[in-house]
Amino acid sequence: MGRIYFDYHSTTPLDPRVFAVMEPYFRERFGNSSSGDHAYGWEAEEAVDRARHQVAQALGVEGREVIFTSGATEANDLAIAGSFEAPNRGGSHLIISAVEHKSVLKTAAYLEGRGATVTCLPVDDEGRVRPQTVAAAITNETWLVSIMAANNEIGTIQPISEIAAICRARGVLCHSDAVQALGKIPFDVRSVGVDMASFSAHKLCGPKGIGALVVTDGARDRLVRRVHGGNQESGLRSGTANVPAIVGFGRACELAVAEREAEAQRVSALRDRLHATLRAALPELFLNGPSEDRLPGNLHLSFRCVEAESLALSLEDVAVSTGSACTSADNEPSHVLTAVGRTDDLLHGGIRFGLGRYTTEQETDEVARRVIAAVERLRSLSPLWAQVTQHPASP
Ligand code: PMP
């Protein structure tokens, strides 16, 4: 067996069923969906409308509430900075959590430099934001609460409906980065009750460079554009529509939602199998994140006396992650593992296994075999390991 991909939170392979519907829009149907004067434009516009409807259906909203963006980073920026810049914002207080994606954390830091005050809520030792902490943090100055639906590193599913209900009762706008939730857990925007939510196609076997911000009707006038120009996307995001990617995003949403339940069962069974095999073979192995309320394809482990980078390198033909791909360039310990209270070697030893649509049982068993061999080898070289095995400690 050659290379094995276990990094589905970072990105996913494109589903051939998605590529099939995209292909004509790279070739003969290349029109600009804003060209209202000819058939090339009309067919592109029709395709965008159809895809918008597919995305809206998958998310339980209306087509007009879907604003296509280049991905979730831009969607998060539009939701947070776009609502900060709205003239009717009210106060200048923003609430986020310590485990948000960098695209939220850095946007919050950017706004702090422009007069916003930011409360960054702590999480419990499984990475969960307690709804009471949200309620306690809201003030008369709060204009937005932005809490992710599910964590991209340790897979924690947040009590986002409860958080949204608190925001609603207090009249505060609520946004959720729901990138990792779509297609993995039920996420119907209206039943969850958030005002805005961000999504990205490349996490659900769709193309890269396309995503959406859902802006529910009630939130529409609380937001201003960040990208100026031709007023596409109801004036909220100018720029020529990426038609093939939008078409692919629509199909990817349709498939992800239709296959969600069966896939979640299949993938979580493989994930549990991997965990059980590793646990049986390796002592001093610690699960990061919750054992319940966890994304189906997520397993995040720290191995005592094993550096994550060394392990990832020894597993050269197994693609795993030692952090979130978006932050690994920073070379800092994970802010998420830090937020859940991991310290010393367990903080530096976190490995994320991300399973998904094309993961097989054979691959799962092969990954387990290679991880066990690599951990045993690295530990045999570690002077600390000999001491630890004589006096095992709890984390
Ligand atoms: N939020 C979360 C939770 C993510 O996992 C990612 C992708 N790593 C993003 C936002 C950014 O999405 P995109 O790649 O579409 O900009």
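Counting convention: from 1, in listed order, for ligands and their atoms alike. The model shown is predicted, which means the values in this text are computed figures rather than measured ones.
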Taking both backbone and side-chain atoms of [X], is any N or O found less than 3.5 Å from an N or O belonging to ligand 1?
| X | value |
| --- | --- |
| Asp177 | yes |
| His9 | no |
| Ser200 | yes |
| Gly71 | no |

Item checked: Close-contact set for ligand 1 against Met148 heavy atoms, below 4.0 Å ->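 Under 4.0 Å from Met148, ligand 1 has these atoms: 3 (C).
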Answer yes when [X] and [Y] have at least one side-chain N-carboxylate O distance shorter than 4.0 Å, and no when they do not.
| X | Y | answer |
| --- | --- | --- |
| Glu162 | Arg128 | no |
| Arg52 | Glu233 | yes |
| Arg379 | Glu284 | no |

Next item on the list: Would you mind telling me which of Glu126, Arg279, Arg294 makes a side-chain contact (heavy atoms from CB on, under 4.5 Å) with Leu287?
Entry: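 One option only clears the test, and that one is Arg294.
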Note to self: If the contact criterion is a heavy-atom separation under 4.0 Å, does Glu100 count as touching ligand 1?
What the structure shows: no
Next item on the list: Report yes or no: does a heavy atom of Lys208 sit under 4.0 Å from some atom of ligand 1?
Entry: no
Notebook entry, point to check: Of His202, Lys203, Lys102, Glu74, which has the heavy atom at the shortest distance from atom 8 (N) of ligand 1?
Noted result: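 Nearest option to atom 8 (N) of ligand 1, by heavy atoms: Lys203.
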Check: Just heavy atoms, cut-off under 4.0 Å: does Asn152 contact ligand 1 by side chain, backbone, both, or neither?
Finding: side chain
Item checked: Lys NZ or Arg CZ of Arg89 over Phe84 ring: under 6.0 Å, within 45° ->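 Because its charged atom sits under 6.0 Å from the ring centre and within 45° of the axis, Arg89 does stack over Phe84.
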Checklist line | Within-4.5 Å side-chain heavy-atom neighbours: Ile95 and Leu121 | finding: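 Heavy-atom side-chain distance check passes, below 4.5 Å.
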Checklist line | Short side-chain to backbone donor-acceptor contact, Thr142 and Leu144, under 3.5 Å | finding: no
